[in-house]
Every structure is written in C-alpha cells, then in structure tokens.
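Everything on this sheet refers to the single structure shown next.
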Amino acid sequence: MITRPRGTSDILPGEVERWQYVEGEIRSLCRLFNFREIRTPVFEHTELFLRGVGEGTDIVEKEMYTFVDKGGRSLTLRPEGTASVVRAYLEHKLYAEGGAAKFYYLAPMFRYERPQAGRLRQHHQFGVEIFGAPSATADAEVISLAMALLQRLGLAGLSVHLNSIGCPACRPAYRQELQDYFRPHLAALCPDCQRRFERNPLRLLDCKEEECRRVREHAPQILQRLCPECREHFESLQDQLKQLGIPFRLDPWVVRGLDYYTRTVFEVLGADLGAQSTVCAGGRYDGLIESMGGPPVPGVGFGLGLERLLLLLEKGGHLHLTPPGPLVFVAAADAAGSRAALALTQQLRRAGLTCELDLTGRSLKSQLKQADRLRAAWAVLLGERELAEGVATVRDMETGSEERLPLGELAGQLSTKLKGRNRKDDAGITY
RNA sequence: GUGGGCGUAGCUCAAUUGGCUAGAGCGCCAGACUGUGGAUCUGGAGGUCGUGGGUUCGAGGCCCAUCGUCCACCCCA
C-alpha cells in the first residue's frame, strides 16, 4: 500500500469542517482589517529563499525541499511565506500604487524536519504582511489582528511576548557587546552556541540549554541599548498596544530564527502545546525588500501555524461548530422509484434543498437506515404506487409520521417546513 | 540531525513464562412475513499481528534492520 509521505497529513471529512471554520474566521477578519489575499506559487527559485530567509538559518541550511526541474532550474518548495510575497510585490511593482500595501495568505509551507505533534513537513500558515508602513502603528495593527483572531476563536488570555532587536544602527554595537560578554564563558556553552557565537550571537539568548541559560542571565540586554529611533518606535508600539488593551510581556529572549527581522519581534505562545508552543510569530523587517532588489520599503508581518492553532482549539474545547443544515433523503421502494429518484432529487436541489439518494441499489429498509445515519430531516419515498398517483410519501424522520404530497408541490412544501424547523435547530454541537 | 516510547480488524483494545484454526466491543453488511430508520436478537464479511530478515521444534510476544507514529532535544509556525 502506498501511504502518505512522512510528516504530511490528510484532512478528512469530519475534520476538514474545523479547518473551514477557522479559515472562514480568518478571511472575514482580514476583510475587516482590509488585508487582501495574495496567492503565490508553492515553489520558487531556490535563490529567493537563500536571500530572503538568510543563508545562515537552519531553514535554509538543512530544511528546504529543493529539487532540480527538467530545465535544470533549482527550485524549492516554499518554507515560509514572506519571501514570496515580497517577490510578487517587487515583480509586479505593486509599490507603484503608493501607500501601505496589506496582504494576507493562507497556504501550505514545507520544511524537511523531524515530525512531531504540531510540527509537520507540510504545514499550513496564515500570514499577513504590511509593506511601506514605517510607523509602529503598523506593528500594532498586525499584532492586534493576530490577537483578534485568537480571541474570536475563543482563545482569550494568550499574551504577546514582545521584544525589539534594534536596527543596523544599533545592533552591531550590541552584537559586539554580547560577544564580549560571552567570550569568557565560551567553553561552558553548548556546541550549538559555540557555533552561533561568531555567526549570530543574538541566538545565544534563546538557547534552552541549562548552562547557556545560566550564563546569559547577566548578559547585556538590547532594550537598554537601542538607538533613539528604535527606542521611540518600540515605546510607541507599547503605547498603542496598551491603548488597544492587548496584554503583552517584554521578553528580551525573543529572538527570531530568520535573518530578516529588525526592531519589533514577537511571539504568541499557547499553553499545552508541548515543545511546539509558538502559535504565531512575527516582526518587522525593514531591510528585506531593499536587500531583495527593491526600493527601501519597510515591512511588518507574522505567520501563524494553523495545525498548532487547531491543536489549541481542540485542547481547549473551543470547536463548537454549527451542524450542517437538514437533508432530504430520496428513497426508492422499487425499480420504478429508482428510475425516478434522481430526477426528483434534481428538482429538490434546484429549490435549494440539500439532497441525497441511494447510489448502491440497496433495499428500502437499508435506505432508511442510511437516511437515519445521515440525520435526514425527511425521507421521500418513491415507488410504483406513488408514481401512479403523481405523489411522493414524505416521512418525517423525527416523528415517523408520513404524508403524501403531489410531486409538483414537494420542493415548495419542504422548503416551507424547513423554515419552521430552522428556528429550533440552531443549538451548536461539538464535533 | 540526536535520544527514547509505541505499532494486533475501519476504530478502541485483548491474547498466562514464546505453544491449538489471533479474540472482544463499537462500526460495517445481511436477515428477523407483505414497501419503512433508530431498540433488541441472529448471522456474516473484515487481520500476510507495520514491513523484511534472524533465533527457535514452535514467534503477535525475543534479536536485528527498516518504515511509520508519539515524546524530548534541535529548530520553528
């Protein structure tokens, strides 16, 4: 038997409704915030990610699905969303429209990782980007969209871990200071941190090794060393978040793993997610667009993992979905009924009634059983007797009572009954 | 990439120290007089015990490999 590739998942009927629910909330919220959807290819030229994500990152070094196509091009399944959105923005010169450009995407991402709960080789992200907005208001808007979504889904009480990692004006000095601080302790650090020491000393700050954590306790913090512009930006962001009533914690250890971030970085952590606790993460990347050959346009955005979000919703019991609307089952009592069933079904469907009929040639008894399982509101029985009189037997599946209705009036009558029924039928049930 | 747990019908699980044709519940299919669901009863289908080797008179239980899954590390959403 051929099975799905490792680290991928099938989203089956029964589960897909949860995805549709979350996706629906996302789309309606994006409309509210006036972010517009953008869809980019699942694969891109490998070089896009080398430059966009950063050659020193783990994602690029060991997690990309890269292949050579028949034309000899090196292509890569996208490991994250921002690089592609930037690419499309530049390729189509969308900056020519002026002002801030606001995009969102809802798309699969691919990383060659060791699968774990909440960590797959193909996962799905909801992400947003704002290009061309330098002010902290944009950072706040992006964060407030993420929080609005979580709140709307029932996940109140999550707080934002916030930090600023400075800009090209203040980071080099801090970086130097960090290296000076860690240098005497170098031997005590884990092998990974020893490697990071030269290449990306900021990463020493979020190492989880016991010894490294201990060493970093008295490490200089960037928040005290931001340049005046970065400080002002960061203070403005905090001020706005307070105005919005969004709880946040300053967390000097939040350092993103992607190279492109400047100033604001943030994460939203979910409880009960084990080691994969980051549901949403993002920040500002003012140098990225220019470094990819575009004009000096600033950016902010985040990515939010849908699998992790769904995991949180399930654990918290927040998935109260409304049941599907009622259904009509057209059952055939004999061969004549069977011949007429589909045409009747078509008639009912044209009237907007959700309809099902037997496709397996089973007995009337098992057709009714099937109707029961589908939780049909009515079974419409059709056989020689009915056809001779031009009627159908309509069985109310809840009460078991039956009546005969002329075929011509069936659609109209059922629609009318439906309206009466809908009123008492909207208690939410949990799937 | 590193370390560890687990893998028996569609699902949830059984199977005394290695020992008869590997079982149950749920689900599925069919039947219980004439064209009628849910309850009950009866019957049935469905497993190369993840896969491949090995040890043994004999392996679902042991050993090795491999694949998958879960957990931790790493990384990240």
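Naming convention: chains lettered A, B, ... in sequence-line order (proteins, then strands); numbering from 1 in each chain. Please read all numbers here as calculations on a predicted model, not as lab measurements. The figures that follow rest on heavy atoms only: side chains count, while hydrogens, waters and symmetry mates do not.
- Taking atom C1' in both C13(B) and A22(B), one finds a spacing of 14 Å when rounded to whole Å.
- If you check every strand for non-hydrogen atoms under 4.0 Å, L374(A) touches nothing.
- Nucleotide G10(B) holds its P atom 16 Å from the CG atom of D10(A), rounded to whole Å.
- The shortest non-hydrogen separation linking Y104(A) to R27(A) is OH-NH1, 3.2 Å.
- Which of U36(B), C29(B), G1(B) sits closest to the side chain of L381(A) comes down to U36(B).
- Centroid-to-centroid, the aromatic rings of F131(A) and F103(A) come within less than 6.0 Å.
- Remark: C1' of A39(B) and CG of D372(A) are 11 Å apart, rounded to the nearest angstrom.
- Donor-acceptor pairing under 3.5 Å is recorded for the side chains of Q370(A) and R373(A).
- In this structure, U48(B) forms no base pair with any nucleotide, since neither Watson-Crick nor G-U wobble geometry is met with both distances under 3.5 Å.
- With a 3.5 Å ceiling on both atom-pair distances, the Watson-Crick or G-U wobble partner of G3(B) is C71(B).
- Side-chain atoms of E402(A) come within donor-acceptor range of the base of U36(B), with a qualifying N/O pair under 3.5 Å.
- In this structure, K369(A) places its NZ atom 11 Å from C1' of A39(B), rounding to the nearest Å.
- Comparing G58(B) with G19(B), their C1' atoms are spaced 7 Å from each other, to the whole Å.
- Of the residues near RNA chain B, G383(A) and S366(A), the one whose nearest nucleotide (by heavy atom distance) lies more toward the 5' end is S366(A).
- Distance E113(A) CD to A77(B) C1': 9 Å, rounded to the nearest Å.
- Regarding L120(A), its CG atom lies at a distance of 14 Å from the P atom of A77(B), rounded to whole Å.
- Nucleotides G47(B) and U8(B) have their P atoms positioned 15 Å apart, rounded to a whole Å.
- Figure legend. C62(B) is base-paired to G54(B); pairs are counted as Watson-Crick or G-U wobble with both atom distances under 3.5 Å.
- Distance check: L327(A) CG to R375(A) CZ gives 10.5 Å after rounding to the nearest 0.5 Å.
- Heavy atoms of L306(A) sit nowhere under 4.0 angstrom from any nucleic acid atom.
- The interatomic distance linking R6(A) (CZ) with G50(B) (C1') rounds to 14 Å, in whole Å.
- Judged by atom type and distance alone, R373(A) does not reach the base of G37(B) through any side-chain donor-acceptor pair under 3.5 Å.
- Base contact: R114(A) has a heavy atom under 4.0 Å from a base atom.
- When the nearest nucleotides of RNA chain B are assigned to G305(A) and A331(A) by heavy-atom distance, the more 5′-ward of the two goes with A331(A).
- Remark: R308(A) does not engage E267(A) in a salt bridge, criterion side-chain N to carboxylate O under 4.0 Å.
- In this structure, the CZ atom of F329(A) is 14 Å from the P atom of G37(B), given to the nearest Å.
- Side-chain proximity of T278(A) to A77(B), U69(B), G37(B): nearest is A77(B).
- Spacing between G52(B) and G61(B) at atom P, rounded to whole Å, works out to 13 Å.
- Taking side-chain N and O atoms only, Q116(A) has a distance below 4.0 Å to OP1 or OP2 of A72(B).
- The gap from the P atom of U42(B) to that of C26(B) amounts to 11 Å, rounded to the nearest Å.
- For the atom pair OH of Y105(A) and CD1 of I26(A), the computed distance is 11.5 Å after rounding to the nearest 0.5 Å.
- As judged by a 4.0 angstrom heavy-atom cut-off over every strand, A371(A) is placed among residues making no nucleic acid contact.
- Using atom P as the reference point in both A14(B) and A59(B), the two lie 23 Å apart (nearest Å).
- No hydrogens or angles were tested; on distance alone, nothing pairs the side chain of E63(A) with the base of G1(B) as donor and acceptor under 3.5 Å.
- A donor-acceptor contact under 3.5 angstrom links the side chains of E386(A) and T393(A), judged on distance only.
- Taking only side-chain nitrogens and oxygens, K365(A) comes nearer than 4.0 Å to OP1 or OP2 of G37(B).
- Separating the CG atom of L311(A) from the C1' atom of C71(B) is a distance of 14 Å, rounded to the nearest angstrom.
- Using a 4.0 Å heavy-atom distance criterion, T3(A) is classed as making no nucleic acid contact.
- Closest contact between the side chain of R395(A) and the listed nucleotides G4(B), C29(B), U36(B) involves U36(B).
- Base pairing of U17(B) is not made with any nucleotide, judged by Watson-Crick or G-U wobble geometry with both donor-acceptor distances under 3.5 Å.
- Salt-bridge check for D286(A) with R284(A): passed, with a basic side-chain N closer than 4.0 Å to an acidic carboxylate O.
- A donor and an acceptor atom, one from each side chain of Y181(A) and R216(A), are nowhere located under 3.5 Å apart.
- For A32(B), the paired nucleotide is U40(B), the pair qualifying as Watson-Crick or G-U wobble because both relevant distances are below 3.5 Å.
- Here G400(A) lies in heavy-atom contact (under 4.0 Å) with a base.
- For S363(A), the side-chain atoms get nearest to G31(B) when compared with the rest of A77(B), G31(B), U69(B).
- For G61(B), the base is syn relative to its sugar; the glycosidic angle is within 90° of 0.
- Checking C28(B), G37(B), U36(B) against every side-chain atom of L364(A), the shortest atom distance belongs to U36(B).
- If you check G35(B), G1(B), G37(B) against the side chain of A333(A), the one that comes closest is G35(B).
- Between U48(B) and A30(B), the two P atoms lie 24 Å apart (nearest whole Å).
- The base-pairing partner of C11(B), taking Watson-Crick or G-U wobble contacts with both distances under 3.5 Å, is G25(B).
- Of the nucleotides present, none pairs with A77(B) by Watson-Crick or G-U wobble criteria with both distances under 3.5 Å.
- Looking at R308(A), its side chain comes within 3.5 Å of the base of C76(B) through a donor and an acceptor atom.
- Within 4.0 Å of G7(A), counting heavy atoms only, lie sugar-phosphate atoms of the nucleic acid but no base atom.
- The gap from the C1' atom of U17(B) to that of C73(B) amounts to 38 Å, rounded to the nearest Å.
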